[in-house]
2 protein chains.
Amino acid sequence: MPTRDIPAVVVSRLPLYLRALCYAQQEGLTTISSQELGRRLGITAAQIRKDLSLFGEFGKQGTGYPVAALIRQLRRILHVDHVWDMALVGVGALGRALLHYQGFARRGFRIALAFDMDPTKIGRRVGAFVVQDVARLEAALRSADIRLGMIATPASAAQEIAERMVQAGVRGILSYAPIHLQLPPDIQVEYIDPVIHLQRMTFYLGAQGRPASADELPGAQPCGHHDEG
Amino acid sequence: MPTRDIPAVVVSRLPLYLRALCYAQQEGLTTISSQELGRRLGITAAQIRKDLSLFGEFGKQGTGYPVAALIRQLRRILHVDHVWDMALVGVGALGRALLHYQGFARRGFRIALAFDMDPTKIGRRVGAFVVQDVARLEAALRSADIRLGMIATPASAAQEIAERMVQAGVRGILSYAPIHLQLPPDIQVEYIDPVIHLQRMTFYLGAQGRPASADELPGAQPCGHHDEG
DNA sequence: TAGATTGTTAATCGATTAACAATC
DNA sequence: TAGATTGTTAATCGATTAACAATC
């Protein structure tokens, strides 16, 4: 498996292929062409064929790709043919939503542990989880052998939590805190910040927002601290 | 303003610059070099200078960029010098988290309306919002002149909701539903699906997940329907 | 002045697309 | 067979980087 020297932009598309293939399978398709897959994703057929060809020859001329087999291949390539246990730090409104989210399990992930620093939250149940004291983060992560972490804390806490996760053996972090984390280059980091996405859209939408009132966009502090995401 | 023919990849970085500049301002910096900004974002200094030069000459040799002025410029370029009203559809766990999120307002956004189809939710208060019947979506969006929508419904409902939003005048959609939306090319669409990010990381992490038990990754339905995100 | 840093150019690097022989 | 579609090549296209004159 030439898992090295695969362009990052190709890797970033593979999960989209997998997701679309799963929907196709649920619809009853047993084979799918690069053209049809591309249509469903807004990606050109040539792009998809080129990407997949980096990992092997999965298709058949004249008929396309066998859906089930390609799903298996992509799950193997992405290492989601096994389930990854994750740790969540930050059980605010967002953390609670993540704890209740049913979409992780069947796509290869499971939240195993949830932490917060708030004494009023520690020990309480949220869904199937008991919120643990973040003071015990390192010990708990090590004993559960956790490799993936999710951060849903205020931005002000995210860097420290990330460092402690890495100390405890975490190799990949998905952060909802709106701040860039400074971490060793061998640690995988991904970010989710809805405002970033919104601002990418408003660039193209023109000046149609509403006039800002004084306390919404104060000049002295035009961006705010973005806690509790 | 040459707001056209700006590469999309440049546009996608501008919100990151703005966010980092705001933190710098909160730390008391009045000027910042492209090198320092790049260090904080994991982006090369040349990249930042090149990107910004597409919009004007904002810096000064020897000293760098004036933080406050560059923030103003980026907010103008991204059209977040005004506040954008948004509509949210889907008041499940994720929708509630979005309704409680304090990070929108000071970065240029405000949820104005929230909708759901569940009769037990309609009319109930969530934070400062009263959940409205999604049957009234078009009428309410038009009368409030909403241009931005957020979708936090099950994947199975997302396409229909998106089409109805567009019908009602929405020009940009941020979707948390794990499905690609088929919409007119002039509609801006951005997606947030945490599993996509997680799978991008596990590609690099090697085969360290836990063996899947039968009911976690069933062969017959290896991906599941991903509702309620 | 000396040191630092921008804006811009040219070179390098990488990704996407078009086209088509192979073949199912 | 005829039609369809892959895998791959070569060409095009676009983005990043390095370097440096200009200048604060």
Side-chain angles (χ1 to χ4, degrees), chain A residues 1-17 20-21 24 29-74 77 185 200 203, chain B residues 1-17 20-21 24 29-74 77 185 200 203:
Chain A
M1 207 186 321
T3 228
R4 303 313 110 176
D5 79 352
I6 301 291
V9 67
V10 174
V11 174
S12 78
R13 283 189 292 260
L14 297 180
L16 300 174
Y17 299 162
L21 285 163
L29 275 69
T30 57
T31 63
I32 192 168
S33 66
S34 58
Q35 185 171 32
E36 170 61 12
L37 192 55
R39 190 192 61 76
R40 291 167 174 240
L41 286 167
I43 294 176
T44 66
Q47 180 89 270
I48 291 173
R49 292 201 303 275
K50 189 115 212 299
D51 287 352
L52 294 177
S53 74
L54 294 175
F55 299 95
E57 306 193 357
F58 305 124
K60 193 152 63 171
Q61 287 98 326
T63 62
Y65 297 88
V67 174
L70 188 50
I71 286 173
R72 276 195 301 274
Q73 290 290 338
L74 284 171
I77 291 165
R200 286 172 183 164
F203 173 86
Chain B
M1 200 186 326
T3 227
R4 303 314 109 175
D5 79 351
I6 301 291
V9 65
V10 173
V11 174
S12 77
R13 283 191 291 262
L14 298 180
L16 300 174
Y17 300 161
L21 286 163
L29 276 68
T30 57
T31 64
I32 193 167
S33 66
S34 57
Q35 184 170 33
E36 170 62 11
L37 192 55
R39 189 192 63 73
R40 290 168 174 240
L41 286 168
I43 293 176
T44 66
Q47 179 88 269
I48 292 173
R49 292 201 302 278
K50 189 116 211 297
D51 286 352
L52 294 178
S53 74
L54 294 176
F55 299 95
E57 306 193 358
F58 306 124
K60 192 152 65 170
Q61 286 100 327
T63 62
Y65 297 88
V67 173
L70 187 51
I71 286 174
R72 276 194 302 275
Q73 290 289 340
L74 284 172
I77 292 165
R200 285 172 184 165
F203 173 87

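So you know, we letter chains A, B, ... as the sequences are listed, proteins then strands, and number each from 1.
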Under the criterion side-chain contact (heavy atoms from CB on, under 4.5 Å), I'd like the reasoning laid out for B/L52 against B/Y17: C-alpha separation, chi angles, the key distance, then a yes or no. CA-CA 10 Å; B/L52 294 178; B/Y17 300 161; 4.1 Å; yes
Are side-chain heavy atoms of B/F55 and B/L74 found at a separation under 4.5 Å? no
Does DNA chain C take part in any stems of at least 3 consecutive Watson-Crick or G-U pairs (both distances under 3.5 Å), and if so, which ones? C:3-24 with D:3-24
Can you tell me how far P of C/dG7 sits from CG of B/L54, to the nearest Å? 11 Å
Rounded to whole Å, how long is the line connecting atom CG of A/L52 with atom C1' of D/dT5? 13 Å
How close or far is atom P of D/dT5 from atom CD1 of A/I48, stated in whole angstroms? 13 Å
Are side-chain heavy atoms of B/K60 and B/T31 found at a separation under 4.5 Å? no
Holding to salt bridge (Lys or Arg N to Asp or Glu O under 4.0 Å), I want the full list of residues that pass it with A/R13, two or more places apart in sequence or in another chain. A/D51
Readout for nucleotides 14-24 of chain C: B = base within 4.0 Å of protein heavy atom, S = sugar-phosphate only, - = neither; 5' to 3' it is -SSBBB--BBB
Determine whether more than 12 heavy atoms belonging to other residues, nucleotides or ligands lie under 6.0 Å from atom CD of A/E36. yes
CZ-CG distance between A/R40 and A/L21, expressed to the nearest 0.5 angstrom: 9.0 Å
For residues B/I32 and B/A24, report the shortest heavy-atom separation together with the two atoms involved. CD1-CB, 4.1 Å
In this structure, how many angstroms lie between the C1' atom of D/dT6 and the CD atom of A/Q35, rounded? 12 Å
Within this structure, what is the CZ-to-C1' distance between B/F58 and C/dT5, rounded to whole angstrom? 17 Å
Rounding to an integer number of Å, can you tell me how far B/R39 CZ sits from C/dT5 P? 13 Å
Would you say A/R72 and A/F58 make side-chain contact, with heavy atoms under 4.5 Å? no
